[in-house]
Amino acid sequence: MTLEVIAFTLAGLLAAGGAVAVLFVREAMRLMIGLGSFLLGVAGLFLYFGLPFLATAQVFVYVGGVLVLMVFAVMVVHRQADDRPVMEVRHDVGAAAVALAVTVTIVACLRSVVGDALPTPGVYSGVLADELLGPKLLVFEMAGALLLTGLVAVLTIREGEDR
Amino acid sequence: MVALVLCASLFGAGLYVVMTRREIIGLLTGVEMMLGAANVQLVMLGAAVGGTGATIEAAGLMVLVVAAAEAAVGLALLLALYRRSGRSRTDELNEVNG
């Protein structure tokens, strides 16, 4: 068993374990831990595919940013509850059938294209920076504009709340 | 093939979470899972069609930015809704029905 296979297996197990936890747990904080495990697993999969910058950004943006924000939201929303914050899960056969059908459809559609996707050769960050600030400058600026729009949207929602 | 099945299953799990959770936090968690799985699939597709590493990373970064903005706006809406009505479940918000 090569090192790549071990890395892929570990990342896959981490992501799948987190997904299973998100599916079944009822406590809000455990849900967040499951989501954190899933996101770290996804970062591991990015590393496996030879994309270290994307893996780092995933850890910083998601695990360090979005997840902390979600934990904060859980604390605010459940702050008046006396007991531990419990969330309701309504397992449904219909929902499971739809999710399974979507999964099978994705695999069937992409099987011939993806096949056995192999890791790409690792990219030096300088090459990525040249790409982003050169031919992909428009994409880079669009990403910045989108983040700014999100920030303005959040401020607008907050201001509307005060009125 | 194993990676494809794994990512598709993770996407399906996120979809199932969106369909079965009633709390808005749970819905956002499911959406984040779907976006994460879709991003890995995008990276796999990029590698399969012969894209360069920099191009694939630029595309993945764009999806990451979209997901982060979506989470920020979604959580802001949740907090505003909770402070306004004291509710955080989708089935309690029936006053917005047409």
Side-chain angles (χ1 to χ4, degrees), chain A residues 12 15 19 22-23 28 31 35 38-39 42 45-46 49-51 53-54 57-58 61 65-66 69-70 73-74 76-77 87-92 95-96 98-100 102-103 106-107 110-111 113-118 120-121 123 127-128 131-132 136 139 143 146-147 150 153-154 157-158 161, chain B residues 1-6 8-17 19-23 25-26 28-30 32-33 36-37 39-41 43-45 47-49 51-58 60-62 64-73 75-80 82-84 88:
Chain A
V22 170
L23 281 176
L31 185 81
L35 180 63
F38 171 82
L39 295 173
V42 168
L45 288 175
F46 285 145
F49 282 109
L51 307 166
F53 181 80
L54 203 54
Q58 168 86 9
V61 173
V66 173
L69 207 60
M70 290 182 92
V74 167
V76 170
V77 169
M87 307 172 88
E88 188 182 343
V89 190
R90 291 182 189 167
H91 292 294
D92 183 29
V98 171
L100 187 66
V102 169
T103 303
I106 291 172
V107 173
L110 296 183
R111 188 180 53 186
V113 183
V114 174
D116 290 322
L118 296 171
T120 56
V123 183
V127 177
L128 178 64
E131 186 87 7
L132 282 177
K136 302 269 185 311
V139 176
L146 187 67
L147 279 178
V154 170
I157 292 166
R158 181 72 185 86
E161 197 184 334
Chain B
M1 187 66 184
V2 178
L4 175 63
V5 172
L6 173 70
S9 306
L10 294 177
F11 186 89
L15 183 64
Y16 182 77
V17 169
M19 287 189 287
T20 53
R21 294 270 180 188
R22 293 291 177 271
E23 285 82 6
I25 283 275
L28 282 173
T29 305
E32 294 299 327
M33 282 175 62
N39 206 4
V40 179
Q41 281 173 350
V43 163
M44 280 168 49
L45 264 177
V49 298
T52 62
T55 308
I56 296 169
E57 272 194 314
L61 205 59
M62 193 68 191
L64 213 66
V65 166
V66 171
E70 172 265 324
V73 173
L75 288 172
L77 282 172
L78 164 67
L79 290 182
Y82 180 75
R83 291 177 66 168
R84 194 183 181 94
S88 63

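Note on naming: letters A, B, ... go to the chains in the order of the sequence lines (proteins, then strands), and numbering restarts at 1 for each one.
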Run the numbers on A/Val42 and B/Asn39 for side-chain contact (heavy atoms from CB on, under 4.5 Å), then give the verdict.
CA-CA 9 Å; A/Val42 168; B/Asn39 206 4; 5.8 Å; no
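- In this structure, chain A has heavy atoms under 4.5 Å from both the backbone and the side chain of B/Val66.
- A pairwise comparison of heavy atoms in B/Ala68 and A/Val61 identifies CB-CG1, 3.7 Å as the closest pair.
- For the residue pair A/Ala73 and B/Ile25, the shortest heavy atom distance occurs at CB-CD1, 3.8 Å.
- Judged by distance alone, the side chain of B/Glu32 and the main-chain N or O of A/Leu35 form no donor-acceptor pair under 3.5 Å.
- When all heavy atoms are compared, the tightest approach of A/Asp92 to B/Thr20 is N-CG2, 4.2 Å.
- Put simply, the side chain of B/Phe11 does not reach to within 4.5 Å of the side chain of A/Thr103, judged on heavy atoms.
- Side-chain contact between B/Val43 and A/Leu45 is absent, with no heavy atoms from C-beta onward closer than 4.5 Å.
- Nearest heavy-atom pair across B/Gly26 and A/Leu31 is CA-CD2, 4.3 Å.
- Contact annotation for A/Val22: both backbone and side-chain heavy atoms come within less than 4.5 Å of a heavy atom of chain B.
- If you tally non-hydrogen atom pairs under 4.5 Å between each of B/Leu78, B/Val5, B/Leu75 and chain A, the highest count goes to B/Leu75.
- The two residues B/Met19 and A/Ala95 make their nearest non-hydrogen contact at CE-O, 3.2 Å.
- Between the CG atom in A/Leu110 and the CD atom in B/Gln41 there is a gap of 6.0 Å [rounded to 0.5 Å].
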Step by step, would you call A/Val139 with B/Met62 a side-chain contact (heavy atoms from CB on, under 4.5 Å)?
CA-CA 8 Å; A/Val139 176; B/Met62 193 68 191; 3.8 Å; yes
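- Listed options A/Gly65, A/Ala96, A/Gly12 were ranked by heavy-atom pairs under 4.5 angstrom with chain B; first place goes to A/Ala96.
- Between B/Gly12 and A/Ala99, the closest heavy-atom pair is O-CB, 3.3 Å.
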Using side-chain contact (heavy atoms from CB on, under 4.5 Å), reason through B/Leu79 and A/Ile157 one step at a time and then give a plain yes or no.
CA-CA 10 Å; B/Leu79 290 182; A/Ile157 292 166; over 6 Å; no
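- Put simply, the side chain of B/Tyr16 never gets that close to the backbone of A/Val98: no donor and acceptor are under 3.5 Å apart.
- Counting heavy atoms from C-beta outward, B/Thr29 and A/Phe38 have side chains that stay 4.5 Å or more apart.
- Looking at A/Ala153, only its side chain comes within 4.5 Å of chain B, counting heavy atoms on both sides.
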